[in-house]
Amino acid sequence: MKENLEDLDILLRKKGFSSDQIHEIKIGMEADLPVASYAGKEYMAIQMYQIRLGLQEHLPVQYYAKPHYDWFQMEEIRKGLEHGLDVRIYAKPDIPYDKMRELRKGLEKEMNLSPFLNLRVGILRQLRKSILSGISIIPYIKEGYDEEQLKAIRHAVQKRIPIEPWLNPYYKGDSIREISTGLSRGLDVSQYADPDFSWRQMREIRLGLEKRLDTSLYADPLYSYSQMEEIRAGLEKRLDVSRYNSLMYTAKEMRRRKLLLEKGESTDIEQFRHESVSGESFYISVSEDSMTAYIHVVDSRQSLKRETILAALLAQGVCYGIDEIAIDDLLSGKYQGKGTIIAQGTPATEGVDGWYEYFFRTELNRKPKELPDGSVDYHCVEWFELVNEDQKIAYYHEPGEGISGKTVTGQVIPAKSGKEQPRLIGIGFKLLMDQKTYISTITGRIELKNERMDITSLLLLEDVTAAGGDIDFDGSIQVNGNIGMGAVLHATGDIVVNGYVEAAELSCGGNILIRQGVSAGGAGSLRASQNIVGHYFESANLYAEGEIQAAYCLNSSLFARGIISALDGKGMIAGGNAYSETGFQIRNAGNTAGVPTRLTTGITKDLEKENAQLMHKLKEVQDELNILGHAYDDYHRRFKPEIRNTMKPYLELEEAIDTKQKQLSILEKETEQMNARLEKTDSACVVIRHVLHDNVVVDISGTIWRGDSLRQVTFRKSTDGAINLET
């Protein structure tokens, strides 16, 4: 076989095949693939590569194994075949690969975009994404908005931001985005929603409005955005920007003057030379900041006169804060060798910073209460705070005015007012005309994180049964009663159940809290994008992207990327299978009846498979880039720049390399994240605080431990692959 391949290599080289083409043919032959499908000189190596991948996956490559398809078109058809799509809808040579991609992605979501093929690819992309989001941007497409404008409009409509009155075809997409951002944060966007402003100028004004600055000092189209930035920065630092906000100054000069003001340097500040006066028995000196004046007695044998001292002070410009008592002491002969303070200025006092008063609890107790008997009370868990529509939720107290100071030379030191606080941003509320009072616009749950306040819809229910139909809610759901068998609930936020749950299906984009417990009888499931917390889970199926916390779990199937904990006074996991990517914290594992229990942590086959798939994608893109790079080098060897730059295949090659490099960059970041995840998972451990009963299996990264009952034990995987027990 090896000799045959070597002979084939020589033969193909004589026929003019490139090294990459020969490589693809040889790989196909080694894998017993029907290489006749692509072993022609008319195929570039990258095209051969796409056909070979299809043959390896047993796909009907006849749909794209044709020289008139470029490699990207082949890739899109191949991916469609992998997903079982009807590729005949877009497998046409006259459809560019990027439009093929949009059609393919649409078909994957059972969406046929072929009637819109006349649209530019970017607009087609935004149309596909808008349909997936359940909104329509077709009216804006008809009005002639381009891709970037449509993208900004789509995002605004998705977030229910009232962008329509402010739209203007003359705005760039970035400008629409700045207006949308301002509207979402309750700003008066009329101050910058003007085609005369570039999007960067809009951003500077928006940032100023968010910080409650006087934007009228720079909201002028004649300023460049960089000049605006320097003025805004000065206002944020409470500087007197009138000293440099003239249009005659460039941004660089503004920055220089701003820095001088920050340092307190100014040509207007009087400077003194503090030297002794020849022939006098004393002299006066003034500190560099002009806040303190000293008298230094040179000859204590000579008597001092009040008039002489006052005249000397005046000669040095000292006219404020003169200490008459200090003068009396000096006249009575009380001298200090290193100088006596004879005048003291008054420093300026800054005003109190602005602050928010909130009319809801900003800190909630999200941990169950441990009772004296060691058990845990989940009824005290406060998952969220509720507010009603039109409720006053916050009030902004403006910063106080400062008190000016004065130097000993009589110069006034302007006081700085307190610092303004940024406007609260978020959703579900509005700012009244007084620009201080915040009112909720919906009834729902409220949450404050840093400077963001969000009020999201809350659906309040009593008992939930299957008879009421499936519930799919954009927001959070609170069930005050119980959830019966067969009920289906989905929420984009959290789900809180004050009662019990039977065999129901609960899924959410946040957390699930069950105050009582779940008795599922092996049916139904709970899936949360964050954590699942409950008093108990019996014969239940749980999946959490975050942690799972319970008093006890019996005969349940648990999966969590975070910690699984059962630390109640009688806390236990007994029966069933539990997997945590990062480990367990359990009081008791198994029970006295010896019910079979399996605790799995560390790197599993599923995680290895996920990593292998990522590595496969990474290698695939690296291989493609390698082939494209060779073709690119070949064009540079064979053609002069003025020729190759007019050749369509070469231009497509450049575009392909750029696209693949971006894909590679994304995959490399995903690989870094995966490696960090694997490293964290590899160090996972199982901690049993009280008793590990018989018939419990501990599985750490595929290494199994079985043994007799133990107390207070920690399982870790050692460097040699064995499981260490720490008691």
Open item on the list: By the definition salt bridge (Lys or Arg N to Asp or Glu O under 4.0 Å), identify the one residue from Lys172, Arg206, Arg203 that meets it with Glu178.
Closed with: Arg206

Open item on the list: Under the salt bridge (charged side-chain N to carboxylate O under 4.0 Å, His left out) definition, can you give me all pairs with a residue in residues 139-151, not counting sequence neighbours?
Closed with: Arg125-Glu147

Task: Pair Phe17-His23, ring pair (Phe, Tyr, Trp, His ring centres under 6.0 Å): steps then yes or no - done: CA-CA 10 Å; Phe17 283 86; His23 178 70; over 10 Å; no

Open item on the list: Which heavy atom of Leu124 sits nearest to which heavy atom of Leu119, and what is that distance?
Closed with: N-CB, 4.5 Å

- [ ] Determine the minimum heavy-atom distance between Leu614 and Glu670, stating which atoms define it.
- [x] CD1-OE1, 3.4 Å

- [ ] May I ask you to decide if the ring planes of Tyr650 and Tyr635 are parallel, tilted or perpendicular, using 30° and 60° as cut-offs?
- [x] tilted

Open item on the list: Could you report the tightest heavy-atom contact between His68 and Gln73, atom names first, then the distance?
Closed with: O-OE1, 3.9 Å

Task: Exercise: do Asp454 and Thr456 side chains pair donor with acceptor under 3.5 Å - done: no

Open item on the list: I want to check a possible cation-pi pair here: Arg527 against Tyr543, using under 6.0 Å from ring centre and within 45° of the ring axis as the test.
Closed with: yes

TODO: Would you give the length of the straight line joining atom CG of Leu187 to atom CD1 of Ile179, rounded to the nearest 0.5 angstrom?
DONE: 12.0 Å

- [ ] Could you grab the distance from atom OG1 of Thr681 to atom CD1 of Ile700, nearest 0.5 Å is fine?
- [x] 12.0 Å

Open item on the list: Here's one to test your reading of the geometry: is the NZ or CZ of Arg200 within 45 degrees of the ring axis of Tyr225 and under 6.0 Å from its centre?
Closed with: yes

